Amino acid sequence: MRRRAVLCSGCCAVLAGCERPCSPRNRLRAMKGACSAPAKLEGMKIATWNINSIRARENRVEDWLDEHDVDVLALQETKTKDETFPFDLFEFMGYEVAHFGLNQWNGVAIASRVGLEDVQRGFDNQPHFGKPGEPEVLEARAIGATCGGVRVWSLYVPNGRGLTDPHMDYKLHWMEALRQNVHNELAANPQSQLALVGDWNVAPEDADVWDIDYFLRNEMTHVSEPERCAFAALLEEGMVDVVRPHTPGEYTYWDYQAGRFTKDEGMRIDFQLFSPALAARVERAWIDKVERAGEGASDHTPVVVEIAD
DNA sequence: ATGCCCTTAAGATAAGGA
């Protein structure tokens, strides 16, 4: 893969030959002479973030992109239709962006400054869902695009709602259909550069929730055997959780209620699953707990992976 | 006792989240 010059925040306006656009805030920093770091060479940085409404958090997204300089950002729960998605925010910051949103529920997006090709809304044979008596629809829970040679999917796995709720059947079928896609892809192309990232709504291990007894006692979702089996089936196909080894014991979500964040009573439910060939390129991964502490934060926090060329 | 919070559409409450 070609190597790409990556400049630190603020360089773009003052260094000749920089092809990377950057935000007005960075230009201001550069004008003030705040930036003196030299250009360097790196690979690619992929982030996933359940934003819990993009319109309510446009400023947080802008600040976060400004600070963390990711190449690809997958968003879930944008909670808006395409007509009201803030495309200009991303384009202003130098990202191409594709969004799939139908209404105030769900909604997924991929922003990229390393190319955004072959956008697909929904995966092949993605199960539909509808309330009883209403037609079933393809919900806005998956969008795929090829970014810098990586096939990225931003995924928002159905919640399940309750262990015996029809939504749980939907969740399990949804994950099984996804697994079938992975199976087909890896069988056809073992060297596939595939990244399935997003909010999986499953806590695969007991340690991925603050109190497993609390979850079991209250017959809560996310920790049940069927959900864990559906998640494990992705790993059995060869997909690799590339974040866990770098962030043992960390959470990605804290409920707004009951002071969960203050007490660090969270859950690990946001994951980046990479195909074997892509997983081999991972150099670093981290969970940005600082973002969750900010005023007006999403209840989920960004999960970032850095890969080598 | 997930009652406790947050976002949406709508224009008061209800749905959804996990």
Side-chain angles (χ1 to χ4, degrees), chain A residues 48-61 75-86 99-109 128-137 139-142 154-172 174-175 198-228 230-231 250-271 287 291-301 303:
Chain A
T48 185
W49 189 6
N50 179 319
I51 192 64
N52 185 21
S53 171
I54 183 65
R55 287 183 291 161
R57 278 177 256 285
E58 282 191 42
N59 290 341
R60 295 210 72 91
V61 170
L75 293 167
Q76 301 86 38
E77 280 208 274
T78 57
K79 290 191 169 178
T80 193
K81 57 184 81 173
D82 290 345
E83 296 93 298
T84 43
F85 182 84
H99 179 252
F100 179 27
L102 301 172
N103 49 41
Q104 70 269 46
W105 310 121
N106 316 309
V108 283
H128 295 204
F129 184 77
K131 284 190 262 190
E134 293 182 19
E136 298 200 329
V137 298
E139 294 187 312
R141 296 180 175 273
S154 177
L155 302 171
Y156 180 42
V157 175
N159 175 290
R161 295 180 185 166
L163 296 183
T164 59
D165 194 291
H167 210 258
M168 181 59 73
D169 288 333
Y170 171 50
K171 178 180 193 172
L172 298 174
W174 201 95
M175 295 182 75
D199 176 1
W200 294 79
N201 271 322
V202 176
E205 300 180 8
D206 287 353
D208 294 336
V209 296
W210 79 90
D211 181 356
I212 186 62
D213 291 333
Y214 176 85
F215 278 72
L216 296 177
R217 189 166 61 244
N218 292 288
E219 299 183 338
M220 294 171 75
T221 58
H222 294 59
V223 297
S224 73
E225 252 346 273
E227 290 167 277
R228 286 179 168 178
F231 186 86
E250 295 184 30
Y251 301 133
T252 66
Y253 162 89
W254 295 260
D255 199 306
Y256 287 123
Q257 302 186 65
R260 295 291 183 215
F261 184 71
T262 306
K263 294 185 275 188
D264 197 25
E265 295 179 343
M267 303 171 70
R268 181 190 285 256
I269 52 177
D270 302 88
F271 298 95
I287 297 168
E291 164 58 31
R292 179 62 180 81
E295 187 180 348
S298 168
D299 43 3
H300 297 250
T301 215
V303 177

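Remember, predicted model here, so these are calculated numbers, not experimental data. We name chains A, B, ... by the order of the sequence lines, and we start the count at 1 in each one.
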Original post:
Quantified in whole Å, what is the P atom distance between nucleotide B:dA1 and nucleotide B:dT13?
Top reply: 27 Å

**OP:** May I have the distance from A:Glu265 (atom CD) to B:dC4 (atom C1'), rounded to whole angstrom?
**Re:** 13 Å

Subject >> Pairwise P distance for B:dA18 and B:dT8, with rounding to whole Å >> reply: 15 Å

**OP:** Take atom C1' in B:dA15 and the same atom in B:dA10, then report the distance between them in whole Å.
**Re:** 12 Å

Subject >> Interatomic distance where CD1 belongs to A:Ile51 and P belongs to B:dG17 [whole Å] >> reply: 18 Å

**OP:** Measure the shortest side-chain to side-chain distance between A:Lys171 and A:Arg161 over non-hydrogen atoms and say whether it is less than 4.5 angstrom.
**Re:** no

**OP:** Mind calculating the distance between CZ (A:Arg217) and C1' (B:dA1) to the nearest angstrom?
**Re:** 12 Å

Subject >> Under-4.0 Å side-chain N/O to phosphate OP1/OP2 contact, A:Arg161 with B:dA18 >> reply: no

Original post:
For B:dT7, does either OP1 or OP2 sit under 4.0 Å from a side-chain N or O belonging to A:Arg57?
Top reply: yes

Subject >> Span that lies between the P atom of B:dC4 and that of B:dA14, in whole angstrom >> reply: 14 Å

Original post:
Of all the choices, B:dT7, B:dA15, B:dG17, which nucleotide is nearest to the side chain of A:Glu77 once you look at every atom?
Top reply: B:dG17

Original post:
Which sits closer to the 5' end of DNA chain B, A:Asn218 or A:Ile269, going by the nucleotide each is nearest to?
Top reply: A:Asn218

Subject >> Atom-pair distance (CD on A:Glu58; C1' on B:dT7), nearest Å >> reply: 15 Å

Subject >> A:Tyr256 side chain, from C-beta outward: closest of B:dT7, B:dC6, B:dG16 >> reply: B:dC6

**OP:** Please confirm whether A:His222 and A:Phe215 have ring centers closer than 6.0 angstrom.
**Re:** no

**OP:** Check whether any side-chain heavy atom of A:Asp199 sits under 4.5 Å from a side-chain heavy atom of A:Val157, and report yes or no.
**Re:** no

**OP:** To the nearest Å, give me how far apart CD1 (A:Ile54) and P (B:dC6) are.
**Re:** 19 Å

Original post:
Salt bridge or not for A:Arg292 and A:Asp264, using N-O below 4.0 Å?
Top reply: no

Original post:
Would you say a side-chain N or O of A:Asn52 is under 4.0 Å from OP1 or OP2 of B:dT7?
Top reply: no

**OP:** Can you figure out which of B:dT7, B:dA18, B:dA15 approaches the side chain of A:Lys131 most closely?
**Re:** B:dA15

Original post:
Within this structure, what is the CG-to-C1' distance between A:Asp255 and B:dC4, rounded to whole angstrom?
Top reply: 10 Å

**OP:** Looking only at side-chain atoms of A:Gln104, point me to the closest of B:dA9, B:dT7, B:dA18.
**Re:** B:dA9

**OP:** Report the residue (A:Ala297 or A:Asn106) whose heavy-atom-nearest nucleotide on DNA chain B is the more 5′ of the two.
**Re:** A:Ala297

Original post:
Could you give the CZ-to-P distance, from A:Phe261 to B:dC6, as a whole number of Å?
Top reply: 13 Å

**OP:** Just call it for A:Phe215: base, sugar-phosphate, or nothing, with non-hydrogen atoms closer than 4.0 Å on any strand.
**Re:** nothing

Original post:
How are the rings of A:His300 and A:Tyr253 set relative to one another: parallel (under 30°), tilted (30 to 60°) or perpendicular (over 60°)?
Top reply: tilted

**OP:** Mind checking A:Arg268 for me? I need base, sugar-phosphate or nothing, with any heavy atom below 4.0 Å counting as a touch.
**Re:** nothing

Subject >> Per A:Ala258 side chain, nearest of listed nucleotides B:dG17, B:dA18, B:dC4 >> reply: B:dC4

Original post:
Should the pair A:Tyr214 and A:Trp210 be assigned to parallel (<30°), tilted (30 to 60°) or perpendicular (>60°) ring geometry?
Top reply: tilted

Original post:
Can you find a side chain N or O atom of A:Arg55 that sits less than 4.0 Å from OP1 or OP2 on B:dC6?
Top reply: no

Original post:
Contact class for A:Met267 (heavy atom, under 4.0 Å): base, sugar-phosphate, or nothing?
Top reply: sugar-phosphate

**OP:** Determine: side-chain N/O of A:Tyr214 to OP1/OP2 of B:dA1, distance under 4.0 Å, yes or no.
**Re:** no

Original post:
Please give, in whole Å, the distance from B:dC6 C1' to A:Arg60 CZ?
Top reply: 14 Å

Subject >> Phosphate OP1/OP2 of B:dC4: any A:Gln257 side-chain N/O under 4.0 Å >> reply: yes

Original post:
Checking all strands, does A:Asn201 fall into the base, sugar-phosphate, or nothing category for heavy-atom contacts under 4.0 angstrom?
Top reply: sugar-phosphate

Subject >> A:Tyr256 and A:Asn52, any side-chain heavy atoms less than 4.5 Å apart >> reply: yes

**OP:** Kindly say if A:Thr221 contacts the phosphate of B:dA18, meaning a side-chain N or O under 4.0 Å from OP1 or OP2.
**Re:** no

Original post:
Counting only side-chain N and O atoms of A:His300, is one of them less than 4.0 Å from OP1 or OP2 of B:dA18?
Top reply: yes

Original post:
Given B:dT2, B:dA18, B:dT7, which nucleotide is nearest the side-chain atoms of A:Trp210?
Top reply: B:dT2

